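It should be emphasised that the depicted structure is a prediction, and the values quoted were computed from it without experimental measurement.
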Amino acid sequence: MSLGPIKQVIGRAVPVPGDDIDTDRIIPARFLKCVVFDELGGQLFYDVRFDSEGKSIGHPIDKPQFVGASIIISGDNFGCGSSREHAPQAIKRAGFNAVIAGSYAEIFFGNCTTLGIVCAVAEKSVRDALMKEVEANPAAEMVLDVDGCKVKFNGKEYAVEIKPNARKAFLEGSYDSLAELLNGLPQVKDLEKTLKYSFV
């Protein structure tokens, strides 16, 4: 059931500047009524992407040069506010596999990790340099090296940090907690047989 290890994230990047981008900005509360997460990708950043008539107002992820990007570069305290799982689900279903930011809300970070979204931490100087480079070279691919804790872009390398436990889980392919649980089902069954009571 494992989704496999994640050693690198390769793709084009998009700058989404700003600190304290909270989960309500990532996915507004009115979209939390969904039973499944399938449609959340189109609702990512909805209130700062579209006007009252649903027309694009030029959010970075909608700019032609950044459409199809899979790595977000942003500010400090990304994913703060409500701990709703819908926020990382929206990011993942919009096609993003990594975020490079200054820091993250803890629960948001954990939810991202479980979905296989690599959350790397970079100094402001690094993020500023990456945003500038990406703006100038939007078609170039970025490599986020999970194993080496670095970003490669446009012939340059930048140091980033990835929490050791998350990095280990990505490299081992053990980040998906549900898959880990299902993989351990035979051991659960074996243990159940040794108990003096049974589960129904």
Side-chain angles (χ1 to χ4, degrees), residues 3 6 9 11 13-63 66-67 69-124 126-128 130-131 144 146 160-170 174-182:
L3 298 179
I6 299 174
V9 178
V14 55
V16 181
D19 296 332
D20 305 315
I21 294 179
D22 63 27
T23 54
D24 195 53
R25 198 183 325 176
I26 294 170
I27 185 72
R30 65 185 178 281
F31 296 122
L32 306 190
K33 296 180 288 186
C34 62
V35 178
V36 294
F37 299 125
D38 295 347
E39 303 302 318
L40 290 181
Q43 297 158 349
L44 178 66
F45 297 125
Y46 194 93
D47 286 348
V48 290
R49 284 177 67 193
F50 305 105
D51 63 18
S52 59
E53 297 178 352
K55 295 178 182 177
S56 174
I57 56 176
H59 189 276
I61 69 171
D62 291 326
K63 291 181 178 179
F66 297 126
V67 170
S70 58
I71 300 171
I72 292 171
I73 308 169
S74 196
D76 292 327
N77 202 25
F78 192 86
C80 59
S82 165
S83 59
R84 63 190 70 165
E85 183 187 358
H86 299 68
Q89 286 282 358
I91 290 170
K92 185 69 174 181
R93 290 169 191 275
F96 293 99
N97 298 313
V99 181
I100 301 170
S103 58
Y104 302 89
E106 192 67 29
I107 295 176
F108 174 85
F109 178 92
N111 286 336
C112 282
T113 300
T114 298
L115 293 176
I117 301 171
V118 178
C119 291
V121 171
E123 296 289 341
K124 187 177 186 304
V126 169
R127 287 177 281 126
D128 288 347
L130 286 173
M131 286 188 184
L144 173 53
V146 177
V160 298
E161 295 179 11
I162 301 171
K163 283 190 176 182
N165 58 337
R167 178 174 169 272
K168 181 174 183 287
F170 288 134
S174 60
Y175 54 90
D176 184 340
S177 54
L178 180 58
E180 288 292 291
L181 178 63
L182 293 175

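In this structure, CZ on Arg167 lies 15.5 Å from SG on Cys119, to the nearest 0.5 angstrom. With values rounded to the nearest 0.5 angstrom, Ile26 atom CD1 is found 7.5 Å from Ile72 atom CD1. Atom CD in Gln43 sits 8.5 Å away from atom CZ in Arg30 (nearest 0.5 Å).
By the 4.5 Å heavy-atom criterion applied to side chains, His86 and Thr23 are not counted as neighbours. Using a 4.5 Å cut-off on side-chain heavy atoms (C-beta onward), Asp62 and Val67 make no contact. Using a 4.5 Å heavy-atom cutoff, the side chains of Thr114 and Tyr175 are not in contact. For the pair Asp47 and Arg25, the minimum side-chain heavy-atom distance is 4.5 Å or more. Between Phe37 and Glu85, some side-chain heavy-atom pair lies under the 4.5 Å cut-off.
Aromatic ring orientation, Phe78 versus Phe108: perpendicular (interplanar angle above 60°, classes split at 30° and 60°).
For the pair Leu44 and Ile27, the tightest heavy-atom approach, listed with the atom from each and the gap, is N-CD1, 4.4 Å. Scanning both residues, Phe96 and Ile71, for their nearest heavy atoms gives CD2-N, 3.7 Å. The two residues Ala105 and Asn77 come nearest to each other via the heavy atoms N-OD1, 4.4 Å. Val121 approaches Gly102 most closely through the heavy-atom pair CG1-O, 3.2 Å. The minimum heavy-atom distance between Phe66 and Ala13, with the atom names listed, is CD2-O, 3.5 Å. The minimum heavy-atom distance linking Ala101 with Gly75 is given by the pair CB-O, 3.2 Å.
Remark: the backbone N or O of Cys112 is not paired with any side-chain donor or acceptor of Tyr104 at under 3.5 angstrom. Remark: side-chain polar atoms of Ser74 are paired, donor with acceptor, to backbone N or O of Val16 under 3.5 angstrom. Under a 3.5 Å cut-off, the side chain of Asn97 and the backbone N or O of Gly116 do not form any donor-acceptor pair.
Applying the side-chain contact (heavy atoms from CB on, under 4.5 Å) criterion to Asp76, with sequence neighbours excluded, gives Asp19, Ser103, Arg127.
Atom CD1 of Ile107 has 12 or fewer neighbouring heavy atoms from other residues, nucleotides or ligands inside a 6.0 Å radius.
Checked for salt-bridge contact, Arg84 and Asp24 meet the test: a charged N lies under 4.0 Å from a carboxylate O.
With Gln89 as the fixed residue, the side chain to side chain contact (heavy atoms under 4.5 Å, CB included) test singles out one of Asn111, Leu115, Ile117: Leu115.
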Requested in this report: Assess whether side-chain contact (heavy atoms from CB on, under 4.5 Å) is satisfied between Phe50 and Ile57, documenting all intermediate values.
Outcome: CA-CA 5 Å; Phe50 305 105; Ile57 56 176; 5.7 Å; no
